[in-house]
2 protein chains.
Amino acid sequence: MSIADPWAPLPFSLRQLQYALAVAELRSFRGAAERCRVAQPSLSAQLAALEDALGLALFERTPRRVLPTGAAAELLERARRVLLEATDLLAAARNARDPLTGTLRLGVLPTIAPYWLPHAMRRLRAAFPRLRVVWVEEKTAVLADAVRTGSLDAAVVALEAPLGELEREALFRDAFVLAVPRRHRLARGRAPVRLDTLDGERVLLLDDGHCLREQVLAVCEAHGAHERGELRATSLPTLVQMVAQGDGVTLLPSLAIETEARRAPLVLRPLLDTEAARTVGLVWRPRSALGEALRRFARVLREAPPRGRRDPSRTAS
Amino acid sequence: MSIADPWAPLPFSLRQLQYALAVAELRSFRGAAERCRVAQPSLSAQLAALEDALGLALFERTPRRVLPTGAAAELLERARRVLLEATDLLAAARNARDPLTGTLRLGVLPTIAPYWLPHAMRRLRAAFPRLRVVWVEEKTAVLADAVRTGSLDAAVVALEAPLGELEREALFRDAFVLAVPRRHRLARGRAPVRLDTLDGERVLLLDDGHCLREQVLAVCEAHGAHERGELRATSLPTLVQMVAQGDGVTLLPSLAIETEARRAPLVLRPLLDTEAARTVGLVWRPRSALGEALRRFARVLREAPPRGRRDPSRTAS
DNA sequence: ATCGGCGATAGACATCGTCTATCAGAATAG
DNA sequence: CTATTCTGATAGACGATGTCTATCGCCGAT
């Protein structure tokens, strides 16, 4: 159904697509005009021109409300792809001009950020002094989506989570460590334990949406330990407090224990099971302009992993 | 490295990307200008503007020769993607407006076209009277590439060939039939034979690049029959003539036998081995605007497969 | 030495995207 | 029930920009 000369000028412009997407998102011409920093009549006119070029209406203008028409959904999705490729082209040009400079927008999990970011920032500043990094803290699903739509350049997540079609580079492995209250039956001894010994224990976990929750849950369920459903922590510090108060046991990522376990009366014991761990890695969009740069980036981050405690089997003060 | 406001206007236009691609392909400003139907100075100016927007030179202008710079290769590839998405958007709009009308550019293998196209065209004309179909005859590799780059809407090929990441819909299975000269030892009898009986036979095949060659070769090698290397036919009619003259044996797709075997003194015998066959199918680009339409298309083509001869075990006149 | 092809430049012109000012319609408030 | 105040569409002016024709300067081929 495409008979047209591929070299003929396209009847619409990238700017028009931006306008359409802005309207679709804000459901308002004025708002979209403001965001695109043009006068509202300009946007109206361009949108009319776009609809004319496509031969169909994209938005139903009822006074007080703007609604995308039925056909609009697919077309807007395609418009998004066009603009994503276009901004990628621009980014690739910038990258070819002066690689690894400018601002990089990185996402990171809340169960990684506080414990690893300072370390990572130090390493990156040393390796890429001209690079400015902006960090965003979000759960896996949000990060993966932001990376896919191009609003983030890359993200640091656990590679075990479902990430879809993203490029990935492992950074380091982060073993889980058993955390129990001081007077717990497993608090005696500091030798590594097997997950089997958790059989029957009440396991406390993070709230829904945290991928760490799913990973720990999977490991525990496989060994007969079940979640205590009523209590879900919204953050690792909270989780640690709950364990310390004797509400149950949990598995903590090694990354966190130095910071967290210091603050609460916990007993930590390493696990014999090597599968009780997550792989922290860097992910980015497959055809991102920064693919090569991000690989170098990952190499720098990987070559000096965070020094974990050599012997986490100790009672924290 | 993307700090820019995503709603800021993009510093280049789709037209400029077309110009750049035209120059890259023709390696000539004048030629590109002619193809794009603009004056050469206009193209020069736009290209200069594009290079300015990207902050780097795309082409090295030596008198007498235009060469893409080092950075240009990746950027031009990205430009191609932008334009492909853009033309897809346009096609999707047209498709949303009036589905299955206009001109469809279809590719088809030379070992399928002559025997199946008339039948397929009849069916399609009946089912989609407003649709005009343009057929292009090429080998698999060329077709797959044309589909990938968007210069064809879809192609009819053997799904056994390596096609990469294309959407596919099977149409019908096309069994191979043994073809031997009249006085050949296998010319006696009309019962189905096993491929084993080809052991030691000299098999004639099509020329390189025909996927039918690879498929038949694979089947034969697996059963001890080897190619007679000096003779390679450039088309099925030639191949049939060669077999008829006693140069060897071959496997012919059922599709072809009605037309081809009628013209030459051959003996045809069906094969017992069901894997001696190819699957003819329709393939198209994953995010093509025509995905849904092409599936309907395939359904129409499939519901009335070409009537093969019920009994191909006969001596052609 | 000259010619013919190349891309770059200059300047005129028209198109088009933008602006400000304003209109028409419809919800809401008094 | 009317005044207000949102909404998006329209009108007209202005400026930027993409286009054109004409021409230049360059280099290789004749």
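Chain letters run A, B, ... following the sequence lines, proteins first, then strands; residues in each count from 1.
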Rounded distance (nearest 0.5 Å) linking atom CG of B/Leu14 with atom CZ of A/Arg15:
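Reported value, rounded in 0.5 Å steps: 13.5 Å.
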
Rounded to the Å, how far apart are [X] [atom1] and [N] [atom2]?
| X | N | atom1 | atom2 | answer |
| --- | --- | --- | --- | --- |
| A/Gln40 | C/dT22 | CD | P | 15 Å |
| A/Glu34 | D/dT7 | CD | C1' | 15 Å |
| A/Phe29 | D/dT10 | CZ | P | 11 Å |
| B/Phe12 | D/dG18 | CZ | P | 14 Å |
| A/Leu14 | D/dT17 | CG | P | 16 Å |
| B/Arg15 | D/dG18 | CZ | P | 12 Å |
| B/Leu10 | C/dG17 | CG | P | 15 Å |
| B/Asp52 | D/dG18 | CG | P | 12 Å |

Using a cut-off of 4.0 Å on non-hydrogen atoms, how would the nucleic acid contact of [X] be classed: base, sugar-phosphate, or nothing?
| X | answer |
| --- | --- |
| B/Gln46 | sugar-phosphate |
| A/Tyr19 | sugar-phosphate |
| A/Ser28 | sugar-phosphate |

Checking the side chain of B/Arg287 only, and the main-chain atoms of B/Arg285 only, is there a donor and an acceptor separated by less than 3.5 Å?
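The answer is no, because no donor-acceptor pair under 3.5 Å joins these two groups.
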
I want to check one thing: is the phosphate of D/dG18, taken as OP1 and OP2, less than 4.0 Å away from some side-chain N or O of B/Ser42?
no

Angle class for the A/Phe128/A/Phe297 ring planes (parallel below 30°, perpendicular above 60°, tilted otherwise)?
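Answer is parallel, since the angle falls under 30°.
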
Please confirm whether any donor atom in the side chain of B/Arg30 sits under 3.5 Å from an acceptor in the base of C/dG7, or the reverse.
yes

B/Glu34 atom CD, over 12 foreign heavy atoms within 6.0 Å:
no

Would B/Arg213 and B/Asp208 satisfy salt bridge (Lys or Arg N to Asp or Glu O under 4.0 Å), going step by step from the backbone distance to the final call?
CA-CA 7 Å; B/Arg213 168 192 167 80; B/Asp208 279 332; 3.3 Å; yes

[X] side chain, from C-beta outward: closest of [options]:
| X | options | result |
| --- | --- | --- |
| A/Ser44 | D/dT19, D/dA9, C/dG7 | D/dA9 |
| B/Ala39 | C/dC19, D/dC20, D/dG8 | D/dC20 |
| B/Val38 | D/dT19, C/dG7, C/dA10 | D/dT19 |

Starting at the 5' end of DNA chain D, which residue's closest nucleotide do you reach first, B/Leu43 or A/Gly31?
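Result: A/Gly31.
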
